[in-house]
Amino acid sequence: MIRYIGSGIRQMKLKHLLILAFITMSAVPLFFGLNYLNNISGHYARDQFAHHLSSMSKIAEQRILTAVDRIKDNTALISSRTQMRISLEQWNQTGDISHQEKITRIINDAKNGLTHLKDIRIYDRRGRPVASTTDTSINEKLDIQGPLRAQISLVPEADEIIALSREPLRLNHETVGYIEIRYYTNFITSLVRDRTGLGKTGEWLFAVRHESGDALFAVPLKYDHQAAFQRRVSKDRLDVPITQALLGNERIMSEAPDYLEQPVLASTRYIPELDWGLVAKVNETEVNQLASQNQSLIYIAELIIVVIAIGLGVALAFYISRPIERLKTHTARAASGKLEPPQVQPTSWQEAKELTNHFAYMIKAIRELTENLQQKVDERTQELNEANKKLEKIASHDQLTGLYNRRQFDQRFAEEFDRNKRYRHGLAVALLDIDHFKSINDRYGHAVGDDVLRKIGAYLNSSVRASDVAARIGGEEFCLLLPECTAKGALAFLERIRNDISEIEVKTNDISFNITCSVGVAYLDASIEDKNALLNNADMAMYKAKQGGRNKVMVFHDGHAATPIDKYS
């Protein structure tokens with residue numbers, strides 16, 4: 001038998017022997033190499049999907065935080081209305097219904113100026129209802145056992161989910177009542193319903209912490225539409241993604257059971273400011289199916305490569321190796337990153353010329369693909385940077401006037417107060433309130449009122465120094481921080497601002513009118529240890545300017561407010 005095989009080999013032509021030897025020597029290592037590459041590709045596809053899931057959950061977290069910041073800004077804007085707090089204090093003292101009617105008008109005006117706001121409710125210092133923007137009266141008393149802090153929570157109401165923002169109302173450092181604002185939660189429901197990029201079985205899970213410590217789902221689920229504020233997951237189930245999210249563990253979980261006890265691939269996120277948990281998850285069966293599809297495609301591509309490799313080996317048995325060696329050199333250079341197409345040698349065999357042309361075309365395609373990918377990456381990076389800049393401006397500036405908002409003002413005020421207090425520099429704080437602003441809104445409409453606010457905002461923005469801070473801290477109330485300035489210099493500047501504002505002309509429907517403002521200013525001295533005390537002094541001076549006839553500047557000095565002439569005459 002062996003003699004017969006040896007005789008057959010000796011009778012074979014050289015080219016057939018070379019073909020047989022190449023296939024025999026390459027088949028085994030290629031087989032194991034294919035299995036190894038398929039395993040690698042399967043893990044890579046799974047890792048890519050997990051990274052994609054993590055990126056989507058991060059973007060969703062940022063969307064929620066942006067919406068929550070907008071809720072906080074709107075709540076601060078409404079609760080900062082001084083006249084509302086004054087009327088509430090008068091209601092606490094007298095119970096006169098005229099004060100209740102005034103509060104109702106103020107909160108209705110506030111609601112008409114904001115979107116995504118469902119209801120505003122005002123309670124007195126004992127938690128009893130005072131006013132609401134809804135047609136139906138509210139009878140339930142607010143539970144105020146212990147100090148009530150500013151908070152945002154999700155609550156079910158009828159057939160929808162409401163974001164409830166609640167905080168105390170203070171006047172002269174004393175609590176005069178409480179404000180409760182209900183917002184529509186479109187930013188959560190739209191996120192949960194939009195499963196783009198999560199596949200067929202993908203789903204968003206959103207939960208809050210139950211009083212027992214369990215995870216309480218706050219939205220309807222894909223496979224349980226009645227789950228909102230009904231379905232819970234025990235806090236002891238540490239293997240469940242939503243529990244890990246509420247524990248603050250932001251991670252990728254594989255083969256983790258979901259609320260249906262189905263194994264899923266999940267990305268967990270935690271929002272510590274609100275104690276909310278967010279999970280993006282896809283069933284493991286779909287993830288494995290996608291990985292298998294990728295493996296099949298790679299297997300086919302690798303099999304084609306093997307066939308081409310065998311063909312090249314067969315060509316070595318028929319043709320000279322020099323053109324192939326040249327091509328091998330260009331392949332090595334391409335693998336090192338030098339994507340240069342090979343030059344076709346005129347002395348090469350026709351097959352070698354064609355192979356070289358195909359390789360050159362592949363190199364050209366790869367180079368073009370690389371350039372296109374880099375261009376797309378640059379474009380997406382630029383878009384992301386522009387979006388981040390817009391988000392930063394929205395978070396720190398008032399959208400109507402372009403000035404700093406209340407939150408950014410508080411941050412800058414704290415910085416300037418500490419710096420000027422430490423180095424004993426001069427610091428003036430001025431509160432500016434538009435005279436008869438409510439009458440402007442009532443007579444000409446809110447669009448004209450907004451135009452007045454924009455004109456004053458543009459004027460203040462163009463008038464202050466680079467080191468000054470101009471902010472809108474209330475509906476018609478503005479604040480100026482004037483660091484490193486003398487008292488006389490600040491008064492001269494504020495008098496000029498008051499005079500210039502009185503010359504601003506507003507036109508509407510062939511009717512023009514001028515606006516005035518009342519200004520209260522206070523200066524930092526050694527007796528002031530708290531920035532809120534300095535701001536309160538300016539607030540008292542501003543109210544003295546209102547009571548003294550408006551359109552004037554009042555200075556807080558020695559525990560009371562006086563005009564600049566009284567102080568420096």
Side-chain angles (χ1 to χ4, degrees), residues 47-77 114-117 150-154 161-165 183-199 202-209 215 217-222 241-253 264-282 376-399 404-408 410-411:
D47 291 342
Q48 287 294 102
F49 195 90
H51 178 72
H52 168 72
L53 208 61
S54 177
S55 299
M56 290 189 64
S57 64
K58 183 64 177 177
I59 293 173
E61 178 187 15
Q62 292 300 322
R63 286 175 56 185
I64 292 174
L65 287 175
T66 300
V68 170
D69 286 341
R70 188 164 58 247
I71 289 177
K72 291 180 179 178
D73 289 341
N74 289 341
T75 302
L77 185 63
L114 296 173
T115 59
H116 305 297
L117 191 153
Q151 58 181 348
I152 297 176
S153 58
L154 296 179
I161 302 168
I162 299 299
L164 181 64
S165 179
Y183 296 89
Y184 294 106
T185 56
N186 297 335
F187 64 96
I188 294 178
T189 55
S190 62
L191 169 66
V192 173
R193 292 170 183 168
D194 183 11
R195 304 184 182 97
T196 304
L198 294 181
E203 184 177 6
W204 292 102
L205 306 179
F206 191 85
V208 298
R209 197 181 305 276
F217 291 107
V219 294
L221 301 176
K222 183 178 182 179
I242 196 63
T243 305
Q244 288 292 323
L246 283 177
L247 289 175
N249 299 325
E250 298 189 346
R251 52 187 291 198
I252 295 293
M253 300 179 65
V264 296
L265 177 66
S267 173
T268 64
R269 295 285 174 183
Y270 178 61
I271 306 176
E273 296 89 345
L274 304 167
D275 196 23
W276 294 351
L278 176 68
V279 172
K281 62 97 173 176
V282 179
K376 290 185 179 296
V377 169
D378 294 340
E379 291 175 356
R380 295 298 181 268
T381 301
Q382 182 179 357
E383 292 174 359
L384 182 60
N385 291 336
E386 293 176 355
N388 287 335
K389 291 179 180 178
K390 290 180 180 179
L391 287 175
E392 291 176 0
K393 185 172 179 62
I394 291 173
S396 61
H397 287 73
D398 176 55
Q399 297 185 18
Y404 284 137
N405 57 23
R406 180 58 183 261
R407 185 175 61 175
Q408 186 68 13
D410 289 340
Q411 179 180 343

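Note that the numbering runs from 1 along the sequence shown for the chain.
Residues satisfying the ring pair (Phe, Tyr, Trp, His ring centres under 6.0 Å) criterion with Phe217, sequence neighbours excluded, are Tyr259. By the side chain to side chain donor-acceptor pair (under 3.5 Å) test, Ser54 pairs with Arg269, sequence neighbours left out. Listed by chain and number, the residues in a side chain to side chain donor-acceptor pair (under 3.5 Å) with Thr268 amount to none (sequence neighbours excluded).
Taking 4.5 Å as the limit, some side-chain heavy atom of Leu198 sits within range of a side-chain heavy atom of Leu53. Looking at heavy atoms from C-beta onward, Glu250 lies in side-chain contact with Glu61 at the 4.5 angstrom threshold. Residues Glu203 and Leu221 meet the side-chain proximity criterion, which asks for heavy atoms closer than 4.5 Å. Contact check for Tyr270 versus Leu278: no side-chain heavy atoms found under the 4.5 Å cut-off. Contact of the Arg406 side chain with the Asp73 side chain is not registered, since no non-hydrogen atoms from C-beta on lie closer than 4.5 Å. Two residues are said to be in side-chain contact when any heavy atoms from C-beta on lie closer than 4.5 Å; Ile252 and Leu265 meet this criterion. Using a 4.5 Å cut-off on side-chain heavy atoms (C-beta onward), Trp276 and Ile64 make contact.
Atom CG of residue Asp69 and atom CG of residue Leu65 lie 6.5 Å apart, to the nearest 0.5 angstrom. One finds the CD atom of Gln411 at 5.0 Å from the CD atom of Gln408 (value rounded to the nearest 0.5 Å). For the atom pair Arg70 CZ and Gln399 CD, the distance stands at 8.0 Å (nearest 0.5 Å). The CG atom of Leu164 lies 12.0 Å from the OG1 atom of Thr185; values are rounded to the nearest 0.5 Å.
The heavy-atom pair separating Ala280 from Trp204 by the smallest distance is CB-CZ3, 3.5 Å. Residue Val282 comes nearest to Gly202 through the heavy atom pair CG2-CA, 4.0 Å, listed as atom of the first residue, atom of the second, then distance. Of all the heavy atoms in Lys281 and Ala266, the pair that sits closest is CB-CB, 3.8 Å.
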(Q) Could you walk me through whether Ile161 and Tyr184 satisfy the side-chain contact (heavy atoms from CB on, under 4.5 Å) test, starting with their C-alpha distance in whole Å, then the side-chain angles of each, then the deciding distance to 0.1 Å, before giving a yes or no? (A) CA-CA 7 Å; Ile161 302 168; Tyr184 294 106; over 6 Å; no
Q: Output, in order, the C-alpha distance, side-chain angles, deciding distance and verdict of side-chain contact (heavy atoms from CB on, under 4.5 Å) for Met253 and Gln244.
A: CA-CA 9 Å; Met253 300 179 65; Gln244 288 292 323; 3.7 Å; yes
Q. What do the steps show when you test Ile152 against Tyr183 for side-chain contact (heavy atoms from CB on, under 4.5 Å), and what is the final call?
A. CA-CA 10 Å; Ile152 297 176; Tyr183 296 89; over 6 Å; no
Q | Stepwise side-chain contact (heavy atoms from CB on, under 4.5 Å) check, Phe206 with Ile242 | A | CA-CA 8 Å; Phe206 191 85; Ile242 196 63; over 6 Å; no
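A donor-acceptor distance shorter than 3.5 angstrom exists from the side chain of Arg209 to the backbone of Leu246, with no hydrogens or angles considered.
Of the candidates Val68, Asn74, Thr75, Val68 is the only one forming a side chain to side chain contact (heavy atoms under 4.5 Å, CB included) with Lys72.
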